[in-house]
Each structure stands twice: as C-alpha cells, then as structure tokens.
Asks: 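Dropping the structure in here first, questions after.
Keep in mind that what you see is a predicted model, and the values were worked out from it rather than measured.
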Amino acid sequence: MTATHTTTIPQATTDAPAPAPTGRASTPTSGTASGHPASNGRHPVEMLKRRWPTALAVALVILTTADDASGELADTVGAFGDALPLLPLLYVIIHQVGNPRATWPVLGAGVAAMVALGAQDVISQPVALVAIALAVLVWGAVRGTPHGRATFGVQAAGALVFGALALIGLAVDPDLGRYLVAAGWFFHGVWDFVHLKLDKVVARSFAEWCGVVDVLVAVHLLFLL
C-alpha cells in the first residue's frame, strides 16, 4: 500500500488595513457654513428697526426734559399738565375715525393745535383740549361709534379721568400738582401698553411710543427736585 500524505498550506495571518469610511461627514446643526455662529436676530441695528418707537420716545424725553432741573417746578408741572389732556383726546378722535392708520397724522394735528393754543391767552390749553374731547364724545354718542358702545365707553372714561387729573393738578399747589400730573402720565402709559397688547384703536407703533414717553415723563416729574 502506498501512504498518502496531505500537505497543509498555512493561511495568511497579516491584518488588512481597515477600509476608509465612505459616508460624508456630518454637517453641524447650528451655525453657518463658515463656522461662525448664526445670528440670533439681536443685532443692534435690527433691534433698533423693531423698537424704533421706544428709541424715538427716549430721545424725545431727553430733549424735552434736559433743562427742567434748573427751571421752576411750577413751570414744569404746568407744561406737562397742559399737555396731558392731549393724550386721551387722541384716542377719542382716532376711535371715532375708526382707522389706526390715522394715528400719527392726528398726533401731528394735535401738536399743531397745542402750539396754536399756547400762542393765545383767551383759553388755556387743557380746558380747550378737554372741551374738544367732550365734543367728540357727544358726537360719538349721537352718531354711533365704529368700535361699539363698550369701547366707546372705555375711551370716554379715560378722557374724563385723565382730563380731570390734568385740571386738578394745575389748580393745586405745584408740590402736590406734580404728583397728580405724574399719576396722569403714568397711568396713561399703562393705558397705552394695554392698547398695544390688545392691538386696538391706535397704531401699535404709537401705543409703544406713547407708553414709553408717558412712563418716563412720570418718573421725571416724581424725581424732579
């Protein structure tokens, strides 16, 4: 018999290098393609564009109150007391017009009326403004209102309350009057922000602007030495 020999060939034991990944690298979930963080919309220029009524209000108050510290308290209280009835009057008129887009033109007309009233000595500014507000309210009661009786009643109450605070604040001693006039400006600022929240009667930009002006004027009157 012939013996059969089987030859075993050893297998290669060397490790092959791992294959390179074929998938694309994951993209970042935030930021820009250049690696810089994405803008969160809080760039100063963008904020100024959105909050321009606030910026305008702050600038206006700074300009109009810059010299009050060196002036007489009675003059300052008188100036802001004279202007206070204009605020609810604007709401009453715009309410009757029924179009918030008329807000800023009505404000311009109101400022012009204030200047004209200040140039004459026949009737005081707050008395004239309160009289105009009452006339518009009577007009609304007779002819009807575009926003309904409930809103008309709220605007009428506001005109009467703020007008009364102005007239009483001007009639009493300036040391007391400053607090009454300041209360009128402050609470009308609250009035503005409520209308801004509800987006009713006046333009939103005006409500924001007027609210900031009112609160800053109230603080100025309270801390004026």
Asks: Taking all atoms of both residues into account, what is the closest heavy-atom pair of Pro85 and Leu129, and its distance?
Replies: CB-CB, 3.8 Å

Asks: Backbone N or O of Ala74 within a donor-acceptor pair of the Glu72 side chain at under 3.5 Å?
Replies: no

Asks: Do the side chain of Gln155 and the main chain of Phe152 share a donor and acceptor less than 3.5 angstrom apart?
Replies: no

Asks: For a ring pair (Phe, Tyr, Trp, His ring centres under 6.0 Å) with Phe162, tell me which candidate from Trp185, Phe186, Phe187, Trp191 qualifies.
Replies: Trp191

Asks: Please name the pair of heavy atoms, one in Val130 and one in Gly163, separated by the smallest distance, quoted to 0.1 Å.
Replies: CG2-CA, 4.1 Å

Asks: Provide the closest heavy-atom pair for Leu165 versus Ala183 in the form atom of the first, atom of the second, distance.
Replies: CD1-C, 4.4 Å

Asks: First locate atom CG of Leu196, then atom CG of Asp192, and finally report the distance between them rounded to the nearest 0.5 Å.
Replies: 8.5 Å

Asks: Is a donor from one side chain sitting under 3.5 angstrom from an acceptor on the other, for Ser205 and Trp104?
Replies: yes

Asks: In the single-linkage hydrophobic clustering (I, L, V, M, F, W, Y; side-chain heavy atoms under 4.5 Å), do Val217 and Leu63 co-cluster?
Replies: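 Per the 4.5 Å side-chain linkage, Val217 and Leu63 are not co-clustered.
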
Asks: Is the side chain of Arg204 donor-acceptor paired with the backbone N or O of Asp199 at a distance under 3.5 Å, no angle test?
Replies: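 Such a contact is absent between Arg204 side chain and Asp199 backbone.
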
Asks: Report the distance from atom CE of Met114 to atom CG of Leu89, rounding to the nearest 0.5 Å.
Replies: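 So the CE of Met114 and the CG of Leu89 are separated by 10.0 Å.
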
Asks: Using a cut-off of 6.0 Å, state whether more than 12 heavy atoms not belonging to Asp121 lie near its atom CG.
Replies: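 Open.
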
Asks: State plainly whether one hydrophobic cluster holds both Val115 and Leu107, where clusters connect Ile, Leu, Val, Met, Phe, Trp and Tyr through side-chain heavy atoms under 4.5 angstrom apart.
Replies: no

Asks: For a quick test of reading the model, state the closest non-hydrogen atom pair linking Leu170 to Val77 and the distance between them.
Replies: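 Residues Leu170 and Val77, closest heavy atoms: CD2-O, 3.8 Å.
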
Asks: Backbone N or O of Ala203 within a donor-acceptor pair of the Thr103 side chain at under 3.5 Å?
Replies: yes

Asks: Using every non-hydrogen atom in the two residues, find where Val92 and Val136 come nearest and quote the distance to one decimal.
Replies: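 Scanning both residues completely, I find the closest heavy atoms to be CG1-CG1, 3.3 Å.
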
Asks: Is there a donor-acceptor contact under 3.5 Å linking the side chains of Thr145 and Gln96?
Replies: no

Asks: Provide the closest heavy-atom pair for Leu84 versus Val181 in the form atom of the first, atom of the second, distance.
Replies: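 It is CD2-O, 4.3 Å.
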
Asks: Just how far is it from atom OG1 of Thr65 to atom CG of Leu216, taken to the nearest 0.5 Å?
Replies: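 One gets 8.5 Å once the value is rounded to the nearest 0.5 Å.
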
Asks: Hey, what's the ring geometry for Trp209 with Phe206, parallel, tilted or perpendicular (30° and 60° as the breaks)?
Replies: tilted

Asks: Linking Ile, Leu, Val, Met, Phe, Trp and Tyr by side-chain heavy atoms under 4.5 Å, what else ends up with Val142?
Replies: Val138

Asks: Does the ring center of Tyr91 lie less than 6.0 Å from the ring center of His188?
Replies: yes

Asks: So, taking the atom named CG in Leu73 and the one named CZ in Arg178, what distance separates them when rounded to the nearest 0.5 Å?
Replies: 5.0 Å

Asks: With a 3.5 Å distance limit and no angle check, can you tell me whether Gln125 reaches the backbone of Ala128 through a side-chain donor-acceptor pair?
Replies: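 Flag not set: sc Gln125 to bb Ala128 has no pair under 3.5 Å.
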
Asks: Hey, are the side chains of Thr151 and His95 touching, using non-hydrogen atoms and a 4.5 Å cut-off?
Replies: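 Yes, close enough: below the 4.5 Å cut-off.
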
